[in-house]
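Here the structure comes first, spelled out in structure tokens, and everything after it is commentary.
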Amino acid sequence: MTPLDASVIVPSHRGADRLRTLLPALAAQDHDGPWEVVVVLDGVVDDSPAVLESYAVRAPLRVVTLPEQGGVANALNAGYDAARGRVLIRCDDDLLPPPHMVRRHVELHAGRDDLGVIGPTRDRFDDTPYARAYGRPANARLLRTAYERGPQERWVGWAAHNSLTRATWERVGGFDPAFTYSEDAELGARLHEAGIELVIDRELELAHTAPATSLAERAGRAYVSGSARTVLERTHPRTVTPPPSDHSAWGRAVAGTARLAGSRKRATQLGALGDRALRVLPSGIGGRVAALVVEAAGRAGHRAGADNLAEERWTYDRRPVSETTATGTSTTSAAATTPQHAKGDDHGHDRDGRRDPLDP
């Protein structure tokens with residue numbers, strides 16, 4: 001069978017609302033060659049099947065339905081294995097691709113099987129104290145850092161939107177199911193270590209429609225990201241090194257605050273206190289407070305290690321399954337937001353935008 005030009009792989013869990021936004025954008029792609037969309041439903045707990053059925057005649061759509069939730073890595077592997085395209089494009093269900101996305105990926109991979117393409121994500125925020133003080137400035141710093149990274153660090157950006165060819169996928173292998181978190185960065189590290197050239201393309205910067213909406217949510221993610229980093233350090237010691245010690249006044253403040261965030265729950269609670277402060281503080285001061293909380297939560301998670309990740313099976317919005325009901329609705333209030341894949345905003349930023357790769 002002649003392969004298609006490209007497959008867009010979309011992992012989804014509890015994603016009906018997000019798919020309603022994504023699918024029209026995929027239906028509007030302007031690539032004129034053969035391509036497909038492969039949506040992987042990681043367990044069915046909402047009306048995602050009906051949403052997908054309504055777009056079956058508007059987009060070159062195929063659906064892979066897993067009988068129960070097995071995690072992001074398993075869902076991605078199922079989608080990549082089912083895909084028939086030469087170029088394999090990951091596009092998470094909370095992204096908004098422009099019409100040229102598929103065409104641009106295909107163009108960049110023309111005649112090459114030694115390339116990985118990264119499309120950064122730009123967060124869209126409602127106008128809230130968190131967004132003004134930290135969310136928007138932090139995402140702007142993240143994007144600036146992404147475009148400035150040299151070849152040795154670009155693997156860090158292998159996340160929610162990227163592409164490689166089928167030949168590269170088969171050479172390097174798929175997502176490691178042992179990683180319940182940071183499965184994307186782990187694959188990025190393997191691509192880098194295999195000598196695959198990674199490029200970051202400005203034309204493939206996509207809008208991310210569901211970033212963290214509060215400091216409480218953001219701090220909880222930072223804690224988990226810090227925990228996951230320890231697994232990456234053990235698995236890829238040549239590529240992922242421990243964050244450097246910081247003995248500055250800021251570093252001491254982060255270390256001291258980290259002692260207050262000794263668990264994911266406590267990190268989230270600390271973020272909730274910060275949210276209350278953001279309502280009354282000027283944005284400049286509030287941004288420093290938020291940066292302190294996020295970095296401290298990441299430091300605390302890194303110090304705790306990854307045992308807490310092994311104890312829980314994580315949902316797509318990086319909350320433990322134990323905090324969701326059978327229908328996927330959160331039973332906690334501190335971090336109750338629209339479910340999403342955690343992506344760029346999982347990695348923290350210090351007070352002036354300098355950051356160590358993967359430093360939460």
Side-chain angles (χ1 to χ4, degrees), residues 7-16 18-19 22 37-46 48 63-83 88-95 118-119 121 155-164 169 172-191 206 208-212 217 220-221 223-225 227-229 231-232 235 264 306 308-324 328 330 335 337-347 358 360:
S7 297
V8 178
I9 295 98
V10 181
S12 188
H13 177 73
R14 291 186 290 145
R18 299 187 299 279
L19 289 170
L22 171 65
V37 179
V38 180
V39 177
V40 183
L41 296 181
D42 191 16
V44 177
V45 293
D46 62 7
S48 290
V63 180
V64 176
T65 302
L66 304 181
E68 60 183 19
Q69 185 190 359
V72 183
N74 283 320
L76 285 166
N77 284 337
Y80 279 70
D81 289 344
L88 306 177
I89 305 166
R90 175 179 176 178
C91 179
D92 281 6
D93 65 2
D94 55 359
L95 299 179
I118 297 169
T121 57
W155 64 270
V156 175
W158 196 265
H161 174 221
N162 47 64
S163 66
L164 41 65
W169 170 262
V172 177
F175 295 91
D176 187 345
F179 279 76
T180 56
Y181 192 92
S182 290
E183 73 292 326
D184 40 18
E186 192 279 327
L187 179 56
R190 261 189 289 138
L191 289 167
L206 303 191
H208 173 211
T209 61
E217 180 184 359
R221 291 188 188 184
Y223 182 91
V224 177
S225 182
S227 298
R229 179 180 173 132
V231 186
L232 285 169
T235 308
R264 189 195 59 82
N308 57 335
L309 297 182
E311 292 170 359
E312 296 276 11
R313 184 160 58 89
W314 294 86
T315 64
Y316 277 38
D317 55 351
R318 303 326 198 201
R319 282 176 285 143
V321 170
S322 59
E323 290 187 0
T324 60
S330 173
T337 60
T338 301
Q340 61 200 0
H341 288 282
K343 34 183 77 61
D345 62 358
D346 277 280
H347 302 143
L358 282 184

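FYI, side chains are in, hydrogens and waters are out, and symmetry mates aren't considered; it's all heavy atoms of this structure.
- With values rounded to the nearest 0.5 angstrom, Ile9 atom CD1 is found 5.0 Å from Leu88 atom CG.
- Contact of the Gln69 side chain with the Val45 side chain is not registered, since no non-hydrogen atoms from C-beta on lie closer than 4.5 Å.
- Asn162 contributes atom CG, which lies 8.0 Å from atom CG of Asp184 (distance to the nearest 0.5 angstrom).
- Using cut-offs of 30° and 60° on the angle between ring planes, the pair Trp169 and Tyr80 is parallel.
- Counting only distance, with no hydrogens or angles, the side chain of Thr209 and the backbone of Asp94 share a donor-acceptor pair below 3.5 Å.
- The nearest pair of heavy atoms linking Trp155 to Gly188 is CB-O, 3.2 Å.
- Here the closest non-hydrogen pair linking Val10 and Cys91 is CG2-O, 3.4 Å.
- Put simply, the side chain of Arg190 gets close to the backbone of Val172: a donor and an acceptor are under 3.5 Å apart.
- If you take CG on Leu22 and OG on Ser12, they are separated by 8.5 Å, rounding to the nearest 0.5 Å.
- Between Pro177 and Asn77, the shortest heavy-atom distance links the atoms CG-ND2, 4.2 Å.
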Between Asp42 and Asn74, is a side chain to side chain contact (heavy atoms under 4.5 Å, CB included) present by the stated rule, with each step listed?
CA-CA 8 Å; Asp42 191 16; Asn74 283 320; 5.8 Å; no

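- Nearest heavy atoms, Ala160 versus Leu95: O-CD1, 3.7 Å.
- Put simply, the side chain of Asp46 gets close to the backbone of Ala16: a donor and an acceptor are under 3.5 Å apart.
- In terms of heavy-atom proximity, Leu66 sits nearest to Ala75 at CD1-CA, 4.0 Å.
- Across all their heavy atoms, Gly79 and Val40 have their closest contact at CA-CG2, 3.4 Å.
- With rounding to the nearest 0.5 angstrom, the CG atom of Leu76 is 9.5 Å from the CG atom of Leu187.
- Between Leu232 and Glu186, the closest side-chain pair of non-hydrogen atoms falls below 4.5 Å.
- Arg18 places a side-chain N or O within 3.5 Å of a backbone atom of His13 that can act as its donor or acceptor partner.
- For the pair Asp93 (side chain) and Leu19 (backbone), a donor-acceptor distance under 3.5 Å is absent.
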